[in-house]
J.: 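Mind having a look at this structure? Questions to follow.
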Amino acid sequence: SRIRALAGAFLALCLVALPALGQPLVDAQWAAANAGKPGIVFLDLQSAADFQAGHIPGAVNTNYAKDGWRADRADKVPDMLPPKLEPLGELIGKLGIDNATHVVLVPVGATATDMGAATRVYWTFKVLGHDKVSILDGGMAGYDRDDKRPRAKGAVTPAPKAFKVAVRPEMIITMQDVQKALAAGTLLVDMRPEDQFVGINRHPKATESGTIPGARNLPNTWLFVNAGGQFRNKSQLEQLYKVANVATTGEQIAFCNTGHWASIGWFVSSELLGNKNVRMYDG
C-alpha cells in the first residue's frame with residue numbers, strides 16, 4: 001500500500017508539473033498550487049481596477065487593448081500584430097518576463113470574447129518564439145468560484161527583465177497570402193457569429209458585410225461551455241467541427257474581423273486538437 005501511495009503521489013506531482021512543459025491550458029487548481037512560485041508569471045488581463053481588487057498572488061497586470069499587443073496598420077486596418085515587434089519584447093520584459101519564464105495568461109473568463117484576449121496574446125507569444133505559455137481555463141471567473149484559493153490585492157510593479165524576441169515569420173500571413181490560399185483551395189474558417197458570416201449584421205470595425213467566398217463558419221462561442229470561459233473537451237470540439245464541416249487536420253486559415261475571435265479558432269485547432277497546419281490571419 002505504501003508503494004501505491006508513493007506512486008500516486010509521484011503521478012500527482014507529474015500532473016501538476018505538466019503545464020510547465022508547455023501544456024496550453026492549466027486549471028484553477030494548478031494555478032492555486034503554483035501561485036507565487038519562481039519562474040512562473042501569471043499575466044492578468046483584467047482591468048486595472050479589477051486586478052487591484054483581487055488577483056492570483058504573484059500576478060502582473062497588462063492592458064490588452066492599450067499596452068501595444070495590437071496596433072492599427074498604416075491603412076487603418078485595426079488591431080493587427082504591430083509592424084515592429086521589438087517594443088513588444090520590451091513590454092514583456094517590463095512585465096517581469098524573460099525567455100525562461102512560464103507565462104500563464106489569466107483572462108476575465110466570463111465570456112468567450114474574454115477568452116479571446118488570452119488566445120490572442122498566447123498566439124503573440126508563439127509568434128515571438130516563446131513556447132512556455134499557457135492559458136488559465138475559465139479565467140479569473142473560474143478561479144474565483146472557490147473562496148479558499150489564494151488571492152492578493154493592490155497594484156503590482158514587477159521587477160523588469162530582458163526578453164529577447166525570436167520571430168517565427170511563418171506564423172505571420174498577409175492579405176496576399178490569404179488570396180493565394182483562396183485560389184489554391186485552402187480552407188478558410190470564419191470564426192465570427194453566424195449573423196456576421198451571412199451578412200445580416202456587421203461588426204463596427206468591418207468595412208463590408210458578409211464573408212470571404214468559400215469560407216466556412218465556425219462561431220467562436222461554440223468552442224466554450226455555454227459560450228463562457230471554459231473550453232469544451234476534445235470530443236465535443238471534434239463533434240462541433242464536424243457539424244461546421246471544418247476539418248481537424250490539414251491546411252486552413254482562421255479569420256474574423258480583427259484577429260481576436262480568429263485566435264480562438266487557431267488556438268483550439270492548433271493547440272487543443274493538434275493541427276499544426278492551421279494559421280491565423282489578423283487582418
Side-chain angles (χ1 to χ4, degrees), residues 43 45-47 62-85 87-88 91 105 107-128 133 135 139 167-169 171-179 181-182 186-213 215-224 227 229 231 244 246 252-271 278-283:
L43 185 53
L45 301 171
Q46 299 182 95
S47 69
T62 188
N63 188 316
Y64 166 68
K66 297 180 179 180
D67 281 354
W69 294 101
R70 306 187 297 172
D72 290 356
R73 202 167 66 184
D75 58 358
K76 306 301 181 185
V77 176
D79 301 328
M80 297 187 71
L81 187 72
K84 294 183 179 180
L85 297 177
L88 261 182
L91 166 66
L105 301 166
V108 174
T111 68
T113 293
D114 294 336
M115 300 303 291
T119 55
R120 177 60 185 262
V121 174
Y122 181 105
W123 175 83
T124 303
F125 269 104
K126 292 285 185 175
V127 170
L128 299 180
V133 58
I135 293 173
V167 180
R168 291 185 169 114
M171 290 186 67
I172 305 170
I173 60 175
T174 65
M175 182 174 66
Q176 289 72 31
D177 293 325
V178 176
Q179 290 172 328
L182 180 63
T186 300
L187 177 62
L188 304 184
V189 185
D190 188 336
M191 301 303 303
R192 299 176 304 158
E194 189 176 24
D195 61 333
Q196 293 184 25
F197 174 74
V198 299
I200 295 173
N201 291 317
R202 185 195 298 177
H203 189 278
K205 293 188 177 183
T207 57
E208 299 288 343
S209 297
T211 192
I212 299 173
R216 294 175 188 168
N217 186 214
L218 177 57
N220 67 91
T221 54
W222 285 16
L223 308 182
F224 300 92
F231 285 95
V246 173
Q252 54 191 252
I253 295 173
F255 71 95
C256 60
N257 295 301
T258 66
H260 180 97
W261 289 330
S263 71
I264 296 172
W266 172 87
F267 177 82
V268 170
S269 292
S270 172
E271 308 301 277
V278 63
R279 295 188 292 171
M280 190 193 85
Y281 175 55
D282 62 342

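Bear in mind the structure is a predicted one, so any value in this text is a computation, not a measurement.
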J.: Heavy atoms only: give me the nearest G283-M80 pair and the separation to one decimal.
T.: CA-CE, 3.8 Å
J.: Flag the pair R70 / D282 as yes when at least one side-chain heavy-atom distance between them is below 4.5 Å, and no otherwise.
T.: no
J.: If I compare all heavy atoms of A118 with all of L105, which pair ends up nearest, and what's the gap?
T.: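 Scanning both residues completely, I find the closest heavy atoms to be O-CD1, 3.3 Å.
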J.: Are there over 12 heavy-atom neighbours, none belonging to E194, within less than 6.0 Å of that residue's CD?
T.: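 12 or below, so no.
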J.: Using modelled atom types only, decide if a donor and an acceptor are shared between the side chain of D72 and the backbone of D79 within a distance under 3.5 Å.
T.: yes
J.: Would you compute the distance between atom CZ of R202 and atom OG1 of T207 and round it to the nearest 0.5 angstrom?
T.: 7.0 Å
J.: Contact between F255 and V178 at the side-chain level, heavy atoms closer than 4.5 Å - yes or no?
T.: no
J.: Report yes or no: does D114 contribute a side-chain atom to a donor-acceptor pair with the main-chain N or O of V108 at less than 3.5 Å?
T.: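 No, D114 side chain to V108 backbone: no donor-acceptor pair under 3.5 Å.
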J.: Taking all heavy atoms of T174 and all of D177, pick out the closest pair and write down the distance.
T.: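 Between these two residues, the closest heavy atoms are N-OD2, 2.9 Å.
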J.: Can you name the nearest heavy-atom pair linking I173 to Y281, along with the distance?
T.: O-CD1, 3.5 Å
J.: Atom CE of M280 and atom CG of L81: how far apart are they, to the nearest 0.5 Å?
T.: 8.0 Å
J.: Nearest 0.5 Å, please: how far is OH in Y64 from NE2 in H260?
T.: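 Separation between the atoms: 4.5 Å.
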J.: Check whether any side-chain heavy atom of Q252 sits under 4.5 Å from a side-chain heavy atom of V278, and report yes or no.
T.: yes
J.: Under 3.5 Å, is there a donor-acceptor pair between the side chain of R168 and the main chain of K126?
T.: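 Answer holds: yes.
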J.: If only atom types and distance count, is the side chain of N217 paired as donor or acceptor with the main-chain N or O of D190 below 3.5 Å?
T.: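 Indeed, once roles are kept as given, a pair shorter than 3.5 Å links the two residues.
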J.: Search all heavy atoms of N220 against all heavy atoms of A112 and return the closest pair with its distance.
T.: OD1-CB, 3.8 Å
J.: Between M115 and I135, which heavy-atom pair has the shortest distance, and what is it?
T.: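 Between these two residues, the closest heavy atoms are CE-CG2, 4.1 Å.
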J.: Under 3.5 Å, side chain of S263 to main-chain N/O of R120, donor-acceptor pair present?
T.: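 Yes.
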J.: Identify which one of T119, T221, T113 satisfies the side chain to side chain donor-acceptor pair (under 3.5 Å) criterion when paired with W261.
T.: T113
J.: Could you give the distance from CH2 (W266) to CH2 (W123), rounded to the nearest 0.5 Å?
T.: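 So the CH2 of W266 and the CH2 of W123 are separated by 8.5 Å.
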J.: How many angstroms lie between atom OG1 of T62 and atom CH2 of W69, to the nearest 0.5 angstrom?
T.: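 With rounding to 0.5 Å, OG1 (T62) is 5.5 Å from CH2 (W69).
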J.: Does CD in E208 sit with more than 12 non-hydrogen atoms of other residues, nucleotides or ligands closer than 6.0 Å?
T.: no
J.: Would you say Q196 and N257 make side-chain contact, with heavy atoms under 4.5 Å?
T.: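 Of all side-chain heavy-atom pairs linking N257 with Q196, at least one is under 4.5 Å.
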J.: To the nearest 0.5 Å, what is the distance between CG on L187 and CG on L218?
T.: 10.0 Å
